[in-house]
Number of protein chains: 2
Amino acid sequence: MPTRRRRKEARPGEIVEAGLAEFGARGFAAARMEDVARRAQVAKGTVFLYFPTKEALFEAVAARATPLQDDLLAQIESEQGSSLDLLRALLSRLYAAMARPETVALMRIMIMEGQRFPAILESWHRVSVQRAQVMLERIVERGIAAGEIRPGALTALPMVLAGPAVMAALWRITFDPLQPLPIEQFRDAHLDLVTRAFGP
Amino acid sequence: MPTRRRRKEARPGEIVEAGLAEFGARGFAAARMEDVARRAQVAKGTVFLYFPTKEALFEAVAARATPLQDDLLAQIESEQGSSLDLLRALLSRLYAAMARPETVALMRIMIMEGQRFPAILESWHRVSVQRAQVMLERIVERGIAAGEIRPGALTALPMVLAGPAVMAALWRITFDPLQPLPIEQFRDAHLDLVTRAFGP
DNA sequence: GGATTTAATGACTGAGGAGTCAGTAGTGCC
DNA sequence: GGCACTACTGACTCCTCAGTCATTAAATCC
């Protein structure tokens, strides 16, 4: 076995990484700090050197939620592209985010532990969900104003348009081993649905 | 406090009911057998009289997955109703199932513990997911044959059509306390989406 | 090379919870 | 009423795991 090294700077990141994997796989209660330590290639005590409690580590892991890039928002506010093009761009971005294993693990954690740690839900909601909602609403508003989209029950609640992407994400953390989801094909079908609904 | 009663027949059902609530709220690892017992109005030892281990109780709870009624299938196979009508009927049924608290709890359990107990995923997949998929496929096939639906990327993967319903179900077990989902409005928006996509 | 600092270790402690079982009491039979 | 049977109870045992801390050794300074 390799000799131990002192790497004060690198440890916290590596431990959080290991925590993400363990909490994501087992949930907060079932995850064992010793397993986190082993995965981070460190002794159990070392984990507690950087994070005072299991809960503190968990919070650091949960804080990993990366914000959905909202640079599309500027593009939406200006007049570039048709509503359909913007919608396609936004949805493609959702699928790309979803493909990252880190996003999958974080989503699992959010669903599993959201009730016990509401702060996770709140930050994910603020940082990802609400942004996506706002963008969808703007796109649909603009489409209606431009006469590209006919108003109706759907345009009153544009978040419905993201539904299939959410389903795909959930599928990946549940039934994928049983029936793998063809992700590109799924995304294309989703875009086709939106195109049929809003196209000419 | 009331005197204890001997009710050999009623206990198992009551204990499973209590288990559903506890496992659904906390997950397998964090749920405490003593809490299950209290909820079932019984002493801890009594639970072990009927279920030898925590895991055995969990399996009994998970086996509660109620099949999606597939009486629609017959209607689909015959020629009653337009594709759009059948689609609307199927989706409405999904939303109705989703509104039942038992379904919500079971879905939480499936997502939280599916990795540790793959049998849950398998039974839910066989009993609900696959049936819904088959029905969607049949409806779309029939619609194409009847010239009501134009084939494309969407019709190659009709499960995408259920996406928003899945999103609604997931929303209920996550963000609902933060931003309650107007469920009827959501269903109407979903039906509107499908109607726009497949309507005239 | 020796002294000093501190990152890292892992055997240990205490708490909590699954599972046990000797004892209690509800129920039915004579 | 007394007896037999067994559903039910809850204090107890044992084990797992979060968190501790005395000890070890890597790095740095002189």
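A, B, ... follow the sequence lines: proteins, then strands. Residue 1 opens every chain.
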(request) Looking only at side-chain atoms of A:Lys44, point me to the closest of C:dG19, C:dT9, D:dG19. (result)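 The listed nucleotide nearest to A:Lys44's side chain is D:dG19.
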
[X] [atom1] - [N] [atom2] separation (whole Å):
{"X": "A:Leu57", "N": "D:dC17", "atom1": "CG", "atom2": "C1'", "value": "15 Å"}
{"X": "B:Glu34", "N": "D:dC8", "atom1": "CD", "atom2": "C1'", "value": "15 Å"}
{"X": "B:Glu14", "N": "D:dA7", "atom1": "CD", "atom2": "P", "value": "16 Å"}
{"X": "A:Arg32", "N": "D:dC15", "atom1": "CZ", "atom2": "P", "value": "16 Å"}
{"X": "B:Phe58", "N": "C:dG19", "atom1": "CZ", "atom2": "C1'", "value": "19 Å"}
{"X": "A:Arg38", "N": "C:dA8", "atom1": "CZ", "atom2": "P", "value": "19 Å"}
{"X": "B:Ile15", "N": "D:dA7", "atom1": "CD1", "atom2": "P", "value": "13 Å"}
{"X": "A:Arg7", "N": "C:dT9", "atom1": "CZ", "atom2": "P", "value": "10 Å"}

At 4.0 Å (heavy atoms only), tell me whether [X] reaches a base, stays on the sugar-phosphate, or touches nothing.
{"X": "A:Lys8", "value": "sugar-phosphate"}
{"X": "B:Ala37", "value": "nothing"}
{"X": "B:Ala56", "value": "nothing"}

(request) May I ask you to verify if any side-chain N or O of B:Arg11 is less than 4.0 angstrom from the OP1 or OP2 atom of D:dC8? (result)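 Looking at the OP1 and OP2 atoms of D:dC8, one of them is under 4.0 Å from a side-chain N or O of B:Arg11.
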
(request) Would you please indicate yes or no on a ring centroid separation below 6.0 angstrom for A:Phe117 and A:Phe28? (result)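 Between A:Phe117 and A:Phe28, which both carry aromatic rings, the centre distance is below 6.0 Å.
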
(request) Verify the distance criterion only: is there a donor paired with an acceptor across the side chains of A:Asp85 and A:Ser82 at less than 3.5 Å? (result)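 Result is yes, a qualifying pair exists.
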
(message) Looking at A:Ala153, is its backbone amide N or carbonyl O close enough to the side chain of B:Asp188 to form a donor-acceptor pair, meaning the two atoms are under 3.5 Å apart?
(response)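 Checked: no pair found.
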
(request) Give a yes or no on whether the backbone of A:Asp35 and the side-chain of A:Lys44 come within a donor-acceptor separation of less than 3.5 Å. (result)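 No, because the side chain of A:Lys44 does not come within donor-acceptor range (under 3.5 Å) of the backbone of A:Asp35.
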
(message) I'd like to know if B:Arg64 and B:Glu17 make a salt bridge, using a cut-off of under 4.0 Å between side-chain N and carboxylate O.
(response)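 Answer for the salt bridge query: yes.
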
(request) May I ask you to verify whether the side chain of B:Arg6 and the base of D:dC8 hold a donor-acceptor pair under 3.5 Å? (result)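 In this structure, the two groups form no donor-acceptor pair.
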
(request) State whether the distance check finds a donor on one side and an acceptor on the other, under 3.5 Å, for side chain A:Arg4 versus base D:dT24. (result)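 Donor-acceptor pair under 3.5 Å: yes.
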
(request) Take B:Arg5 and B:Ala29, find for each the nucleotide of DNA chain C with the closest heavy atom, and name the residue whose nucleotide sits nearer the 5' end. (result)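 Between the two, 5'-proximity favours B:Ala29.
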
(request) Kindly state which residues belonging to residues 46-54 of chain A come within less than 4.0 angstrom of DNA chain C, counting heavy atoms of the residue only, listed by number. (result)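 Contacts with DNA chain C under 4.0 Å: A:Thr46, A:Leu49, A:Tyr50.
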
(request) Applying salt bridge (charged side-chain N to carboxylate O under 4.0 Å, His left out) between A:Glu22 and each of A:Arg32, A:Lys54, A:Arg39, A:Arg38, report the one that passes. (result)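 The passing option is A:Arg39.
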
(request) Find out whether A:Leu191 and A:Ser92 are in side-chain contact, i.e. whether some heavy atom of one side chain is under 4.5 Å from a heavy atom of the other. (result)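 Yes, side chains in contact.
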
